[in-house]
> 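Please see the structure below; I have some questions.
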Amino acid sequence: MSSKPRLWISRKLSDATEARAARDYDVVLNPEDRAFDAEGIIAMSGDVDAILPCHSEVFSADVTARLAGRLKIIANHSVGVDHCDLAALKARGIVVTNTPDVLSNATAEIAFLLLLGAARRAPEGDRMLRAGNWNSWSPSFMVGQEVTGKRLGIVGMGRVGQVMARRARGFDMEVHYYNRKRLAPELEAGAVFHENLDDLLAVSQFLSLHCPATPETKGLMNRERFAMLPEGAIFVNTARGALVDENALIEALKSGRLAAAGLDVFQVEPGGNPAFAALDNIFMLPHIGSGTRDTRDAMGFRALDNLDAFFAGREPGDRVA
């Protein structure tokens, strides 16, 4: 019988991550990348000391109450932990960690891709060419919005938000932000702080969400707040779908209050919102913000670093519960 801690990696991770895990743990892999429901998660918890899950595995209060006593730690392969009931897990004595820092660049890249693509009508042009429908040109053809020099509002100036701000400065954008607390001047780097979210919305020609999903931020962008944006604003979300009232977003896109939107996250995942597909002024990606080879390796290694520390009797560096 192995003396190594038994670890379940719930989804197919990078080859480098799985190789390292197999070296250091008695590891249970998922080569078919099969999604596990609540009953599957509960059943697996009785056979392992640790779980390395993704955001697709939900540890609700009900699931947590039924987890086996053997399970000691959940080392998430994600920054967001909205799929975990942290209070319930803490009450059970189960340690929870996440993977901050390592996916900031990749996520900010996708956010800026969505911003540019939505502003310049890239998905619409791509569909036109693929369908063989490009048969004319004029100065009024496919006119979009210029990004350079415009005002960008960032909601949540954490790691990803700060990288997004740096990318925006490369386009000479004027950066404004709302955060729970103001950043130090060296981190702010000239960005304009707004103590009130509604004040930020009023000046944001482009708005990008980078805050976590919590009970307080659920439905943050609703009908009233979309109406506070300047006419013709462009909205981007690479944070979490729960932050947005999707029906209100559709209304704002149809009415012209918003010129366009770029989304990498949705209330229902996988699948997204089928109602979005009818709108030409929306650019969608299937939650691939952190989906680069470099980032996937870094996320897996960060989760394993947390597990290594825990089983060596040290405090995991990224403990959230």
Side-chain angles (χ1 to χ4, degrees), residues 5-11 13 21 25-28 30 34-103 156 158-160 180 209-220 239-245 265-271 287 289-290 299-300 302-321:
R6 190 163 172 80
L7 167 65
W8 174 42
I9 297 180
S10 68
R11 302 302 298 264
L13 300 185
Y25 295 89
D26 177 14
V27 67
V28 180
N30 182 5
R34 178 169 64 91
F36 279 73
D37 60 13
E39 295 302 323
I41 293 168
I42 292 162
M44 285 298 300
S45 72
D47 293 329
V48 297
D49 304 296
I51 299 177
L52 200 167
C54 298
H55 70 276
S56 52
E57 286 71 62
V58 178
F59 295 86
S60 64
D62 290 342
V63 169
T64 298
R66 297 173 59 197
L67 293 173
R70 178 176 177 177
L71 180 66
K72 303 174 183 69
I73 179 171
I74 294 171
N76 285 296
H77 186 272
S78 63
V79 174
V81 291
D82 50 302
H83 60 293
C84 295
D85 189 315
L86 296 181
L89 288 162
K90 183 177 181 180
R92 285 290 312 271
I94 298 171
V95 171
V96 183
T97 65
N98 68 343
T99 58
D101 300 319
V102 294
L103 49 69
R159 298 171 182 89
V160 181
R180 285 176 294 181
L209 302 188
H210 298 285
C211 56
T214 67
E216 293 74 31
T217 59
K218 184 178 180 181
L220 183 77
R240 284 290 188 266
L243 301 173
V244 179
D245 179 334
V265 290
F266 305 87
Q267 287 186 5
V268 176
E269 295 185 7
H287 201 149
S290 59
M299 290 172 71
R302 187 80 173 231
L304 290 171
D305 288 346
N306 286 314
L307 288 168
D308 291 350
F310 176 82
F311 286 109
R314 305 191 306 272
E315 178 71 8
D318 303 312
R319 184 171 181 168
V320 293

> Can you find a heavy atom in the side chain of L209 that is under 4.5 Å from one in the side chain of T217?
no
> Holding to side chain to side chain contact (heavy atoms under 4.5 Å, CB included), I want the full list of residues that pass it with N98, two or more places apart in sequence or in another chain.
V79, V81, P100, D318, V320
> Which heavy atom in I9 sits nearest to a heavy atom in A21, and how many Å separate them?
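Scanning both residues, the minimum pair turns out to be CD1-CB, 3.7 Å.
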> Taking R66 first and then E39, would you say they form a salt bridge - that is, a charged N and a carboxylate O separated by under 4.0 Å?
yes
> My understanding is that only residues two or more places apart in sequence, or in another chain, count here; which of them pass side chain to side chain contact (heavy atoms under 4.5 Å, CB included) with P5?
Y25, D49, F311
> With sequence neighbours excluded, what pairs up with T64 under the side-chain hydrogen bond (donor to acceptor under 3.5 Å, both in side chains) test?
none
> I'd like to check the side chain to side chain contact (heavy atoms under 4.5 Å, CB included) partners of R11; sequence neighbours left out, ordered by chain and number.
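R11 satisfies side chain to side chain contact (heavy atoms under 4.5 Å, CB included) with N30, D33, A35, C54, S56, E57 only.
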> Any non-hydrogen side-chain atom of L52 less than 4.5 Å from a side-chain atom of V27?
no
> Go through the structure and list residues passing side-chain hydrogen bond (donor to acceptor under 3.5 Å, both in side chains) with S45, not counting sequence neighbours.
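In terms of side-chain hydrogen bond (donor to acceptor under 3.5 Å, both in side chains), with neighbours along the sequence ignored, S45 is linked to no residue.
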> Got a second to check how far I74's CD1 is from I94's CD1, nearest 0.5 Å?
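It comes to 5.5 Å.
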> What residue pairs, at least two apart or across chains, pass ring pair (Phe, Tyr, Trp, His ring centres under 6.0 Å) with a residue in residues 42-80?
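Qualifying pairs, neighbours excluded: H55-H287.
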> When rounded to the nearest 0.5 angstrom, what distance separates CD in Q267 from CG in L243?
9.5 Å
> Please name the pair of heavy atoms, one in V28 and one in M44, separated by the smallest distance, quoted to 0.1 Å.
CG1-CE, 3.9 Å
